[in-house]
> 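Here it is: the structure, laid out below.
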Amino acid sequence: MQMKCVDVLQAYMNRISDNGIVKYRFEAVMKEAYAVDQKLARIRKKEDEATLEKKWPFLGVPLTVKEAFQIQGMPNSSGLVNRHNAYLSHLVLL
């Protein structure tokens with residue numbers, strides 16, 4: 001049985017508590033996870049699991065990012081009170 005990204009993400013969201021997380025983006029990540037599942041469904045017809053793991057080893061793995069990193073729509077205070085309203089307004093590619 002293939003585990004879907006949306007299933008992994010839902011399990012992650014069910015376990016997470018308020019451990020100092022400043023802002024959640026559950027709705028957006030569920031959309032992203034669904035898109036990844038759709039992409040994998042298409043790609044798996046052409047490529048085997050080993051190839052996919054080499055190309056995208058962490059694809060679909062949930063993560064938490066500190067607010068010191070600039071992510072669109074997320075706070076970017078870096079823990080500084082004078083930056084408490086700092087948000088990235090445009091997309092930055094990593």
Side-chain angles (χ1 to χ4, degrees):
M1 177 181 136
Q2 292 287 334
M3 183 66 111
K4 293 187 180 284
C5 294
V6 293
D7 298 329
V8 172
L9 186 59
Q10 188 61 58
Y12 179 78
M13 291 185 316
N14 291 344
R15 288 193 66 211
I16 207 168
S17 64
D18 192 33
N19 294 333
I21 294 174
V22 175
K23 183 176 179 185
Y24 296 103
R25 51 186 303 269
F26 291 153
E27 186 176 322
V29 295
M30 283 303 277
K31 288 178 184 176
E32 292 168 9
Y34 180 77
V36 168
D37 286 336
Q38 298 301 308
K39 180 177 185 165
L40 287 173
R42 288 189 309 273
I43 293 173
R44 280 192 176 116
K45 296 175 184 175
K46 301 173 188 173
E47 300 185 54
D48 64 1
E49 290 294 319
T51 302
L52 294 175
E53 287 177 19
K54 284 181 185 176
K55 281 185 176 181
W56 300 295
F58 296 107
L59 184 65
V61 176
L63 67 115
T64 304
V65 178
K66 294 182 70 77
E67 62 177 306
F69 295 94
Q70 293 182 325
I71 298 174
Q72 186 176 17
M74 299 298 287
N76 181 231
S77 71
S78 297
L80 301 172
V81 174
N82 65 340
R83 289 183 50 86
H84 74 279
N85 286 323
Y87 282 81
L88 184 66
S89 60
H90 59 281
L91 183 63
V92 174
L93 299 175
L94 299 177

> Is it the case that atom CZ in Phe26 sees more than 12 heavy atoms from other parts of the structure closer than 6.0 Å?
yes
> Can a donor-acceptor pair be found, under 3.5 Å and without considering hydrogens, that links the side chain of Asn76 to the backbone of Tyr87?
no
> Under the rule for salt bridge (Lys or Arg N to Asp or Glu O under 4.0 Å), what residues qualify as partners of Lys55, not counting sequence neighbours?
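Testing Lys55 for salt bridge (Lys or Arg N to Asp or Glu O under 4.0 Å), a comparison that skips the adjacent residues, returns Glu47.
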> Indicate if Trp56 and Phe58 have the same hydrophobic cluster label, given that clusters are the connected sets of ILVMFWY residues with side-chain heavy-atom separations under 4.5 angstrom.
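Not linked; separate clusters.
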> State yes or no: do Leu9 and Tyr24 share one hydrophobic cluster built from I, L, V, M, F, W and Y residues joined by side-chain heavy-atom distances below 4.5 Å, directly or via other members?
yes
> Look up atom CZ in Arg44 and atom OG1 in Thr51, then write down how far apart they are to the nearest 0.5 Å.
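That separation rounds to 12.5 Å.
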> With a 4.5 Å cut-off on side-chain heavy atoms, are Val29 and Tyr12 touching?
no
> Is Leu52 linked to Val36 within one hydrophobic cluster, defined over Ile, Leu, Val, Met, Phe, Trp and Tyr using a side-chain heavy-atom separation of less than 4.5 Å?
yes
> Any chance you could measure Cys5, atom SG, to Gln10, atom CD, to the nearest 0.5 Å?
13.5 Å
> Holding to salt bridge (Lys or Arg N to Asp or Glu O under 4.0 Å), I want the full list of residues that pass it with Arg83, two or more places apart in sequence or in another chain.
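Per chain and number, Arg83 pairs via salt bridge (Lys or Arg N to Asp or Glu O under 4.0 Å) with no residue.
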> Could you give the distance from CG (Leu40) to NZ (Lys45), rounded to the nearest 0.5 Å?
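The CG atom of Leu40 sits 12.0 Å away from the NZ atom of Lys45.
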> Are Met13 and Tyr34 in one and the same hydrophobic cluster, where Ile, Leu, Val, Met, Phe, Trp and Tyr link if side-chain heavy atoms are under 4.5 Å apart?
yes
> With sequence neighbours excluded, tell me which residues meet salt bridge (Lys or Arg N to Asp or Glu O under 4.0 Å) with Lys31.
Glu27
